[in-house]
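Lettering of chains follows the sequences in order, A, B, ..., and the numbering in each one begins at 1.
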Amino acid sequence: MHRHQNHLTQSFYERSAERVAKDLIGCLLERTLEDGTRLAGYIAETEAYVGPEDRASHAFGGHRSQRNESMWAPPGTVYVYFTYGMHHCLNVSCLRQDHPAAVLIRAVFPILGLKTMRTLRTKRPRKHALKDRHLCDGPGKLCQAFAIDRSLDGVNLLQSSQIAIRQGVAIKGGEIQCTPRIGIGTAGDWVGKPLRWVTRVDPR
DNA sequence: GCTGTGATCGCCT
DNA sequence: GGCGATCACAGCA
């Protein structure tokens, strides 16, 4: 195995989804495409899906299937799911193997490969040109911009040549807001829990 | 900036 | 058959 400098460590991911989600803010998401093109951005928004007790989680009640198997995988495993019939979303498993906890990466500030990202985000004709700040400002958008789909599901972030997360820029605690998660409709008590972390500080 | 709505399909009942 | 861990667009402020 090739260990890269600045890679987040295994122990970084061997923590609760809450801790991992908050600490991923400001880290660098990197992607290398088949043709060698490199894409990167600083993580700006995350959500924690804490475990089988979390009604909003795909693994609620211990539900385990082919779709969400990566949530149960060793910490640092990529979980990509397909939703709304057209979008992919990127997650990282955490805490421990056989416990379904994960962090959803919802947005990044793009810093490398913006031209390629814009092409990937414009497969259908658009009415309005895409501003840089809208390239990766949503979980489905960032998967489009980074060419992330189910083919990356199950890969290990510490070992993959296709995707990695590295130390990035330090964001002060005061610059990170914590709010309820987005798009959680019917999860009882879990709807309002503050499990989303977001910064408006753009380090670019 | 905000709010409402249609698109589109894998997964579950 | 119903519903998403969403997005683009229209209309409005």
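- Residue contacts shown for A/His88 are absent, as no nucleic acid heavy atom lies under 4.0 Å away.
- A/Leu104 comes within 4.0 angstrom of a base, heavy atoms only.
- For B/dG10, neither phosphate oxygen OP1 nor OP2 lies less than 4.0 angstrom from any side-chain nitrogen or oxygen of A/Arg150.
- Between the A/Arg166 side chain and the A/Leu8 main chain, no donor and acceptor come within less than 3.5 Å of each other.
- Checking C/dA5, B/dG10, C/dA8 against the side-chain heavy atoms of A/Ile184 singles out C/dA5 as nearest.
- With rounding to whole Å, A/Ile182 atom CD1 is found 12 Å from B/dT3 atom P.
- At least one donor-acceptor pair closer than 3.5 Å links the side chain of A/Asn91 to the backbone N or O of A/Tyr79.
- A/Arg196 comes within 4.0 angstrom of nothing in the nucleic acid, heavy atoms only.
- At whole-Å resolution of the value, NZ in A/Lys123 and C1' in B/dT8 are 16 Å apart.
- A/Arg126 has a side-chain polar atom (N or O) that falls below the 4.0 Å cut-off from OP1 or OP2 of C/dA8.
- Of the candidates C/dA5, C/dA10, C/dC7, the closest approach to any side-chain atom of A/Lys141 belongs to C/dC7.
- Per the stacking criterion (ring centres < 5.5 Å, plane angle < 30°), A/Tyr49 stacks onto the base of C/dA5.
- Rounded to a whole Å, the NE2 atom of A/His87 is 4 Å from the C1' atom of C/dC7.
- Nucleotide C/dA5 holds its C1' atom 15 Å from the CG atom of A/Asp153, rounded to whole Å.
- For the OP1/OP2 pair of B/dC11 and a distance below 4.0 Å, the side-chain nitrogens and oxygens of A/Ser65 include no atom meeting the criterion.
- Aromatic ring centres of A/Tyr81 and A/His58: separated by under 6.0 Å.
- With hydrogens and angles ignored, a donor-acceptor pair closer than 3.5 Å exists between the side chain of A/His58 and the base of C/dA5.
- If you take CE of A/Met86 and P of B/dC11, they are 16 Å apart, rounded to a whole angstrom.
- The cationic group of A/Arg181 lies under 6.0 Å from the six-membered ring centre of A/Tyr49 and within 45° of the ring axis, placing it in a cation-pi geometry.
- Of the possible donor and acceptor atoms, one in the side chain of A/Arg15 sits under 3.5 Å from a partner among the backbone N and O of A/Phe12.
- Nearest to the side-chain atoms of A/His63 among the listed nucleotides C/dT6, B/dC9, B/dC12 stands B/dC12.
- Among the protein residues, A/Tyr84 comes within range of the nucleic acid bases, having at least one heavy atom under 4.0 Å from a base atom.
- A/Arg124 places its CZ atom 13 Å from the C1' atom of B/dG6, with the value rounded to the nearest Å.
- Look at A/Lys127 and you won't find any side-chain N or O under 4.0 angstrom from OP1 or OP2 of C/dA8.
- Along DNA chain C, the nucleotide closest to A/Tyr81 and the one closest to A/Leu130 are compared, and the more 5′ of them pairs with A/Tyr81.
- If you check B/dA7 for Watson-Crick or wobble pairing at under 3.5 angstrom, you find it paired to C/dT6.
- A side-chain donor from one of A/Ser70 and A/Asp153 sits under 3.5 Å from a side-chain acceptor of the other.
- Taking atom CD of A/Glu69 as the reference point, atom C1' of B/dG10 lies 18 Å away to the nearest angstrom.
- Rounded to an integer number of Å, the gap from CH2 of A/Trp197 to P of C/dA5 is 18 Å.
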